[in-house]
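Presented below is the structure to which this report refers.
Both counts, for ligands and for their atoms, begin at 1 and track the order of listing.
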Amino acid sequence: MARLVLKFGGTSVGTIDRIKNVARKVKQEVDAGHEVAVVVSAMSGVTNQLVDYVKQVGRLADEREYDAVVASGEQVTSGLLAIALQEIGIPARSWQGWQIPLITDDVHGKARIERIDSADLVARMATGEVAVVAGFQGVSKDGRIATLGRGGSDTSAVALAAAVQAERCDIYTDVDGVYTTDPRIVTKARKLGRITYEEMLEMASLGAKVLQTRSVEMAMKHRVRVQVLSTFEEAAGSALPGTLVVDEDEIVEQELVSGIAYSRDEAKVTLVGVEDRPGVAAAIFGPLTDAAINVDMIVQNVSEDGTTTDMTFTVTKADLDRTVQVLEGAKADLKYRRLTADSNVVKVSVIGVGMRSHAGVAQRMFKALADRGINIQVISTSEIKVSVLIAEEYTELALRALHTAYGLDQA
Ligand code: ASP
Ligand code: MG
């Protein structure tokens, strides 16, 4: 009999009926003989509403009080689910972050988990009591409620699974697993049975919204087996109906490319005619770093005349205005001729641990895009991914072409 952590997101607990449905799912695992801890999000929309309340009262609200307010959504759902379980005969108790305790650093609003003292909780689980844990929250070392950043209840669940040495952490959500690419765009997208931590990490940080990136980092670090599955579909017989996120050696047959992610949250900036001399890159990116602007892809063109060159890079759309401001402010130092900004771009990435040991993966991407007449503006690569920046209007065409080119289409 295994120890399991089950996590239910905002839509899964979005109404009272849905909370009752979750209670039935939990009961199935208890009836199967498992020791169960459940981590819940706030009802969908509630955290947004709470954040909005805070903003209405004070634009620069004290972060500790922000946390006191926004953590309350999870307190409500943990109590309601405990009641719903008791109503169907399952012993259950709610646990807030401070009651476990789940101890965080003191970066309120975006706290990191430092440790979980799970002994009491484990002892209660051993008596057959379901622990219903409020996700997204912990207690900082100075004794105040702290939240883990938006989407943080995924991280709560994985951290708890690591702390109680759970056999698996099941993340119940409104999709039934992780797909080769966005099925809303590519109808031939397939659900993956398994994916490695590293690939999932890339998928999450490159635009696939199924899991919070930090939760995947946490799973990888502590080797927690994670399953992503749907709350709303009954598993048709199969023991593990969703997608398992696991270590590489749990995957027998490794595809070259496992998934294709895309992010519309990119903007391209080009500095035309900057000096081609040592120290130029440092001079450009230094002020951006000081302004806490993250630069993603970078390309420096060859210099035609040996004295000046063009530098192109990407930032998030949200940072574009500030980026332009900073660079215009530094124009006297940088001595570029012209600055252009373009937010009509998308970053498309092919991801797969299989490409570590195979040549020609990038080439297949470039060819598939060239065959459709899609121009590549910037390229970046890592050991397990190739990303290209293209014009946004080609997003759908590019995803479909690449999905076919890597043999990912479902029959
Ligand atoms: N309720 C929090 C949020 O909306 C945490 C979560 O759902 O993961 O960000
Ligand atoms: Mg979520």
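With respect to the salt-bridge test (charged N to carboxylate O, under 4.0 angstrom), the residues Lys141 and Asp106 do not qualify. Comment: Asp67 does not engage Arg64 in a salt bridge, judged by the lack of any side-chain N to carboxylate O separation of less than 4.0 angstrom. Using a 4.0 Å cut-off between charged side-chain N and carboxylate O, Asp120 and Arg124 make no salt bridge.
The heavy atom nearest to atom 6 (C) of ligand 1, considering only Ala42, Ala71, Ser153, is found in Ser153. Within the set Gln212, Met43, Arg150, Lys7, the minimum heavy-atom distance to atom 4 (O) of ligand 1 is found for Arg150.
With 3.5 Å as the limit, one finds no donor-acceptor pair spanning the side chains of Ser215 and Gln212.
Of all the atoms in ligand 1, the ones that sit under 4.0 Å from a non-hydrogen atom of Ser41 are 6 (C), 7 (O), 8 (O).
Contact analysis leaves Gly10 out of contact with ligand 1, as no non-hydrogen atom separation drops below 4.0 angstrom.
The backbone N or O of Val346 sits nowhere less than 3.5 Å from a side-chain atom of Tyr394 that would complete a donor-acceptor pair.
The shortest N or O to N or O distance between Gly151 and ligand 1 is under 3.5 Å.
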